[in-house]
Amino acid sequence: MAALTTPPPPRRRHAAAAAAGAAAGEWAVVSAGAWRVEAIGKHQLMRRTGLPARDLRALDPALSYPSSLMGRDRAVVVNLERVRAVITASEALPFEFRALEVCLEFACKSLEHETSMLEKEAYPALDALTSKVSTLNLERVRQIKSRLVAISGGVHKVRDELEHLLDDDTDMAAMHLSEKLAYQAAGQSARFDIGKELAELDQEGEDSEAEQEDGDGEDEGSGAFTPKIDELENLLEAYFVQIDGTLNKLFTLREYVEDTEDYINIMLDDKQNQLLQMGVVLSTATLMVSAAIVVTAVFGINVRIALYRIPNTNVFWEATGVMLGGAAALFAVAMVYFGKNGILR
């Protein structure tokens, strides 16, 4: 049985019906080239596949479990982000690797498709942000970065699981369901023949020869199950290369996002420096004007001096020009000083 992703239960009007739907999950069952939807409860699925409850929890869409490919005695548990499936030897025999390939292909293709869609949206949005820093462009880039983190996490999990399988021959051997089933059947047949022969020898009274045959039979039945893993290893390597290429695309996109962020930060720092320089200029100008105002205030004091008794009114304009010229000269000296010391550019 290759039970693919469990579809979410449809909305029901009554809570009792919803509870019943949750207790018996709906599975897409593929067997002998045909598929059907079955409502299978947890305990029924455990009896049917021989899986413990721990493995079934990894297939629950409501729970967050890391990606995994687990070979068990009678089934292979597939949990690869977008795909959750159980492959059994009894219903997929002997095409369990074909069913596994379908799961791997769907998981890798879906992640690759999401990566391609993200690239189509990300690069124009990043270029638009580089051209114009606005709230709308910043919000678009923020959403893209969130999607990038989520997709990268999923691709990393699938890649790490495939790498783990390729490094562990024992786990790959456990996924050979057909050969394992045939090996177990051959072992049971051999034990049956040996038992029959021993019974005949016991009847004839040949105890010593019976013990020898018993020892030989135990040695033959206790041999380790060591299938050839070349086919499965080639299959996993092919999809490992594919998912690694998807991860490289995401890494390149992440670098582009980081470069854009660095560029935006440089632009903002430059704008901030310009504002600070403008503040220095305005503060200096205010200081010089304030000095001229102080001089004006001194002349505004109600005191008697000879300057006030001069009948020529041009003195007023001359004094005003001197004050303004002095303020401008001091301002120019300050600007030259700031420029030479690198305060202003």
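Using a 4.5 Å heavy-atom cutoff, the side chains of M46 and P52 are not in contact. At a threshold of 4.5 Å between non-hydrogen side-chain atoms, the residues L104 and L236 count as touching. When side chains are defined from C-beta on, R74 does not count as touching T49, because their heavy atoms never get closer than 4.5 Å. Residues T130 and T260 have side chains in contact (heavy-atom distance under 4.5 Å, counting atoms from C-beta outward). Taking 4.5 Å as the limit, every side-chain heavy atom of V281 sits out of range of all side-chain heavy atoms of F338.
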Does Y239 form a side chain to side chain donor-acceptor pair (under 3.5 Å) with D244? I'd like the steps, not just the answer. CA-CA 8 Å; Y239 286 99; D244 191 58; over 6 Å; no
Under the side chain to side chain contact (heavy atoms under 4.5 Å, CB included) criterion, do L232 and H176 qualify, and how do the steps go? CA-CA 8 Å; L232 179 58; H176 288 69; 3.9 Å; yes
Applying side chain to side chain contact (heavy atoms under 4.5 Å, CB included) to L69 and L162, what does each step give before you reach the verdict? CA-CA 8 Å; L69 285 173; L162 293 179; 4.0 Å; yes
Starting from the C-alpha separation in whole Å, work towards a yes-or-no answer on side chain to side chain contact (heavy atoms under 4.5 Å, CB included) for L51 and M70. CA-CA 11 Å; L51 295 175; M70 299 176 290; over 6 Å; no
Could you check E96 against V76 for side chain to side chain contact (heavy atoms under 4.5 Å, CB included), going step by step and ending with a plain yes or no? CA-CA 9 Å; E96 67 268 19; V76 174; 5.9 Å; no
Is there a side chain to side chain donor-acceptor pair (under 3.5 Å) between E81 and S67? Walk through the geometry before answering. CA-CA 6 Å; E81 291 300 312; S67 297; 3.2 Å; yes
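Panel note: side chain N79, backbone A58; a donor-acceptor pair is recorded below 3.5 Å. A donor-acceptor contact shorter than 3.5 Å links the side chain of N341 to the backbone of Y337. S283 places no side-chain N or O within donor-acceptor distance of the main-chain N or O of V280, the cut-off being under 3.5 Å.
Looking at N137, I144, D259, V141 one by one, the single match for side chain to side chain contact (heavy atoms under 4.5 Å, CB included) with L126 turns out to be V141. If you run side chain to side chain donor-acceptor pair (under 3.5 Å) between E121 and each of R147, Q143, R140, only R147 comes through.
Following chains of ILVMFWY side-chain contacts shorter than 4.5 Å, one cannot reach L287 starting from V336, and the two form parts of different hydrophobic clusters. Under a hydrophobic-cluster definition in which Ile, Leu, Val, Met, Phe, Trp and Tyr are linked whenever side-chain heavy atoms come within less than 4.5 Å, directly or via other members, Y123 and Y263 are assigned to the same cluster. Transitive grouping of hydrophobic side chains (ILVMFWY, heavy atoms separated by less than 4.5 Å) keeps M323 and L330 in distinct clusters.
One distance of note links CG of L118 with CG of L250; it measures 7.0 Å at 0.5 Å rounding.
Across every non-hydrogen atom of M288 and A334, the tightest pair is CE-CB, 4.4 Å. Closest heavy-atom contact between A39 and Q44: O-OE1, 4.3 Å. Taking all atoms of both residues into account, the shortest heavy-atom contact from A122 to L253 is CB-CD1, 3.6 Å.
Heavy-atom contacts from other residues, nucleotides or ligands closer than 6.0 Å to CD of E233 number more than 12. More than 12 heavy atoms of other residues, nucleotides or ligands sit less than 6.0 Å from atom OH of Y65. Around atom CE of M267, more than 12 heavy atoms belonging to other residues, nucleotides or ligands sit under 6.0 Å away.
Under 3.5 Å, the side chains of D270 and Q274 contain a donor-acceptor pair of N or O atoms.
Ion pair E163/R159 flagged as a salt bridge, since at least one NZ, NE, NH1 or NH2 atom sits closer than 4.0 Å to an Asp/Glu carboxylate oxygen.
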